[in-house]
Every structure is written in C-alpha cells, then in structure tokens.
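Data first, discussion second: the structure below is written as structure tokens.
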Amino acid sequence: MATLLKNDRFLKALLRQDVDVTPVWMMRQAGRYLPEYRELRSKAGNFMNLCQNSELACEVTLQPLCRFDLDAAILFSDILTIPDAMGLGLYFETGEGPKFRKPVRTEADIDAIPVTNAEKDLPYVLDAVSLIRKELNGDVPLIGFSGSPWTVATYMVEGGSSKDFATIKSLMMNSPELMHLLLEKVSLSVIDYLNAQIRAGAQAVQIFDTWGGALSPHCYKEFSLAYMEKIVAGLIRENEGRQVPIIVFTKNGGLWLETIANCGADCVGLDWTINIADARRRIGDKVSLQGNMDPSVLYAKPEKIRAEVGMILEQFGSGAGHVFNLGHGIHQHVDPEHAKVFIDAVHELSAKYH
C-alpha cells in the first residue's frame, strides 16, 4: 500500500515522472541561517545534543517547512554520526567544525573500528526519522542521508576538516590496501545505516560525497565512486509500496558526470560549477538531475535571485527529471526572506516547463 502523500512531486521528479511544477528543497535547509534554529541550538547546549535528541532533531527538521513552501524535508543529523558510533570521539569546536579525539591512522586503528549497526548504535537517528514522518503527516516526503565513505573517511583520518587532505592521501598512496579496508568498513556501515533510515520512514536518500572532487579521476573511481556503487547496490529500493529514490552528490564532480550516472542511483546532484543544460545533454536521459544554483546568489537582491532561478529553469528546459536545489548547502548568513524568494520563484517560474 503506497503511503498517501499530499505532495509527492519531489519523489516523482527523482524518478523522471511528470509533475506540475519543479520541486525544490535546499541542502542544509534546517540550519544556522534560521533564527529559530539558533535559538534551539543555544537551548540544547551544542550541536551534538541537538542531533542526539530525537524531539529536538524533529523540531529542527520541521522549522524550514513552517516558513517555506518546500517539497521535501531532510532529516536533521550529521554525516559523522557513523564514525562517532565507531568510538572515535566526535566533538565540535566553535568556528572550527568537527574534530575526532581518536583519528584513524594505522593498521591497528583500522582493525579496531567496528562496522556499525544502526539499530543498536544510532537509535537516536532512527527515532528522529520515525518521529519526523509522524509529524509530517504526509505533507511532503522525508529525505534520509549519509556521507560517502571517502568523505567520512577524510574526517576520520585527518581528525577533522582539512584543506589539502595530506594525511588521508598519504595513506591512500602508500597503503592503498589499508585505505580500502577502512572504506569497506565505512561502506558496510552506511548500507546498514541508510537501510535502517528507510525502514524507519525515509522516502528518499542522498549520499553526500563532499570531498570526492579533491581526488584525481582514477582515484575518484577507485576510492570514492566504487564504494558509492556498492552502497547503491545494497540499498532497499522499495518500501511502503513506493520506490525509494537514491541521489548521489559529488561536489566538484562535473568532469565525471557520465561515470557517476552509471553508479545505479536515480538522481545525480550537481554543484554550481556546471551548466545544467550541459549536464542534461550528457546524462539527463539516464537519471534525473538535482541542482544547481550557487548558494551565494541568495545574498543578492530578490530580483536577481528570481532572474537566476529563471535562467537555470530555462537551461534545463521542458520535461521531467529536475529537482531544483542549491549547488551546495545554504550559507549561514543568508536572510531567510531571500530563501523564500528563491523557493517561491522555482514554483512560480517552472510551471510553463511542465
């Protein structure tokens, strides 16, 4: 029995089915640009407290839907929940992003980390998914997500954010077999994690490969894409009588679109460095496309935001298979009113293309 959804245009567009207008959501739509989020985070004490409290994670997930006419909700969580569950001691320093107390650097380190079991190790995420689905009450679908194995591994090996990825690239170049061992463990954990999210109620999932674009083409295929292919092949593709679409997003992956489109996912996410008309010509008959406005456009005046939306819609052209999004997460200093202009413009200006 299919879940009754009042608005399913996001799921339809992912599967290249006809819709009335182009659906839209924003990466990081539940986050720091919203004053209500900042207030709740301040009450929670820190970011991890927000993530690990299912009621608060649900409230944060729903905040942007109270303000904007979005076509999907995305679970409020973090891509580093898996390594945290592996015992690496995740913490956040203000202004510096995530850090790990026990980075993974040696063969002994890699041998010591477990493959996680989401039901046992990450119940707070699954509780949040179930609660969000209940609270959404069929208004819009819920997106679950994880980081890609390569992206998650960069944080695990570097011990936090990095500009040059020197430590993990050194491991990859000098001990590729150890790198593969680590990526295999993360991949198995991600498959289990995303399937658990789907069983708990996620109706589509996205794999965020934020740092795949830092690799050379052959290393990208071997150390990033191969593991995303493995994940896609291991995911539940139908639940509650509906297909569960899968989105793969590699930041700075525009050079490799054809290869990415062959990974088995339903949709390829695009950052803002590629023209969506070119992307559609190259892969748009194989997968749907998600993207791809530069998040910085939201600093512009409303008329400029509308013009940019109109241009991207025109570049994509008529027909199904486009989910409008930013080319990366919304910036924290954006005026929420500008986000509203963006979202409303997508719906208003896209009707003529359907």
Side-chain angles (χ1 to χ4, degrees), residues 25-32 47 51 74-84 88 90 92 96-100 103-104 143-169 171-172 179 182-183 186-187 189-190 193-194 197 204-217 219-232 246-257 259-260 263 265 267-274 279 289-296 323 325-332:
W25 68 282
M26 298 183 295
M27 288 186 270
R28 289 205 202 115
Q29 66 188 23
R32 293 178 293 182
F47 177 77
C51 288
I74 181 164
L75 164 69
F76 179 76
S77 188
D78 193 82
I79 63 167
L80 300 179
T81 48
I82 285 175
D84 184 44
L88 303 191
L90 175 65
F92 286 80
E96 290 191 43
K99 291 183 179 294
F100 285 111
V104 176
I143 306 165
F145 73 92
S146 77
S148 71
W150 167 258
T151 293
V152 170
T154 63
Y155 291 94
M156 294 170 71
V157 174
E158 297 288 341
S161 303
S162 174
K163 285 194 166 63
D164 58 7
F165 305 103
T167 314
I168 192 167
K169 285 190 173 183
L171 178 69
M172 177 182 81
M179 191 72 241
L182 173 58
L183 292 168
V186 177
S187 295
S189 300
V190 168
Y193 183 48
L194 288 177
Q197 288 184 39
V205 294
Q206 175 157 318
I207 302 167
F208 283 88
D209 186 32
T210 314
W211 300 124
L215 292 165
S216 64
C219 286
Y220 173 72
K221 281 185 192 173
E222 181 180 350
F223 294 99
S224 183
L225 189 61
Y227 289 96
M228 291 196 286
E229 283 174 354
K230 181 186 176 76
I231 291 163
V232 170
I246 299 165
I247 309 161
V248 169
F249 172 68
T250 294
K251 191 180 174 204
N252 293 322
L255 290 172
W256 314 318
L257 285 184
T259 323
I260 298 169
C263 78
C267 179
V268 173
L270 308 172
D271 68 15
W272 66 92
T273 62
I274 183 162
L289 300 175
Q290 179 177 277
N292 65 333
M293 193 173 89
D294 183 346
S296 301
V323 171
N325 205 321
L326 303 174
H328 200 241
I330 184 170
H331 297 156
Q332 72 179 95

**Item:** For the student: nearest non-hydrogen atoms of S146 and V190, plus distance
**Value:** OG-CG1, 3.2 Å

**Asked** Do S77 and F145 touch side chain to side chain, with heavy atoms closer than 4.5 Å?
**Response** yes

**Item:** Those residues that, when tested against K251, pass salt bridge (charged side-chain N to carboxylate O under 4.0 Å, His left out) (two or more places apart)
**Value:** none

**Item:** N/O donor-acceptor pair under 3.5 Å between T151 side chain and W211 backbone
**Value:** yes

**Asked** What's the verdict on side-chain contact (heavy atoms from CB on, under 4.5 Å) for W25 and Q290, showing C-alpha distance, side-chain angles and the deciding distance?
**Response** CA-CA 10 Å; W25 68 282; Q290 179 177 277; 3.0 Å; yes

**Asked** Parallel, tilted or perpendicular: which describes the rings of F249 and F208, with under 30° parallel and over 60° perpendicular?
**Response** perpendicular

**Request:** For Y220 and T259, test the side chains for any donor-to-acceptor distance below 3.5 angstrom and give the result as yes or no.
**Result:** no

**Prompt:** Just wondering, do H328 and T210 contact through their side chains at under 4.5 Å, heavy atoms?
**Reply:** yes

**Message:** Treating N292 as the side-chain partner and D271 as the backbone partner, does any N or O pair qualify as donor plus acceptor under 3.5 Å?
**Reply:** yes

**Item:** Nearest heavy-atom neighbours spanning F92 and P98
**Value:** CE2-CB, 3.6 Å

**Request:** Determine whether Q206 and I74 make a side-chain contact, defined as any pair of heavy atoms from C-beta on separated by less than 4.5 Å.
**Result:** no

**Asked** Looking at OG of S148 and CG of L183, how far apart are the two atoms once the value is rounded to the nearest 0.5 Å?
**Response** 9.0 Å

**Item:** Pairwise side-chain contact, T81 with C51, heavy-atom cut-off 4.5 Å (strictly under)
**Value:** no

**Asked** Looking only at heavy atoms, which two atoms of G159 and P103 are closest? And how far apart?
**Response** CA-CB, 3.9 Å

**Prompt:** Between the side chain of K169 and the main-chain N/O of D164, is any donor-acceptor distance below 3.5 Å?
**Reply:** no

**Fill in**
Nearest heavy-atom approach of A279 to L270 is CB-CD1, 3.7 Å

**With K99 via salt bridge (charged side-chain N to carboxylate O under 4.0 Å, His left out) - residues at least two apart** = E96

**Complete:** On a heavy-atom basis, the closest approach of S161 and Y155 is OG-CE2, 3.8 Å

**Prompt:** For E158, what residues pass the side-chain contact (heavy atoms from CB on, under 4.5 Å) criterion, not counting sequence neighbours?
**Reply:** S162, F165, T167, I168

**Message:** Taking the side chain as everything from C-beta on, heavy atoms only, tell me whether D78 gets closer than 4.5 Å to D84.
**Reply:** no

**Complete:** Between the CH2 atom in W272 and the CG atom in L326, the distance rounded to the nearest 0.5 Å is 9.5 Å

**Request:** Kindly compute the distance separating CE (M27) from CD1 (I330), expressed to the nearest 0.5 Å.
**Result:** 11.5 Å

**Prompt:** Nearest 0.5 Å, what's the OG1-CG distance between T154 and L171?
**Reply:** 12.0 Å

**Message:** I need the L257 CG to T250 OG1 distance, nearest 0.5 Å.
**Reply:** 9.5 Å

**Item:** From SG (C263) to CH2 (W256), nearest 0.5 Å
**Value:** 14.0 Å

**Prompt:** Given L88 and L90, is the side-chain contact (heavy atoms from CB on, under 4.5 Å) satisfied, shown in steps?
**Reply:** CA-CA 6 Å; L88 303 191; L90 175 65; over 6 Å; no

**Asked** Are side-chain heavy atoms of P83 and M156 found at a separation under 4.5 Å?
**Response** yes

**Stepwise side-chain contact (heavy atoms from CB on, under 4.5 Å) test for Y227 and V152** = CA-CA 12 Å; Y227 289 96; V152 170; over 6 Å; no

**Message:** Applying side-chain contact (heavy atoms from CB on, under 4.5 Å) to I207 and V232, what does each step give before you reach the verdict?
**Reply:** CA-CA 9 Å; I207 302 167; V232 170; 4.2 Å; yes

**Item:** Non-hydrogen atoms of A265 and I246 that approach each other most closely
**Value:** CB-O, 3.5 Å

**Asked** Hey, are the side chains of D209 and V248 touching, using non-hydrogen atoms and a 4.5 Å cut-off?
**Response** no

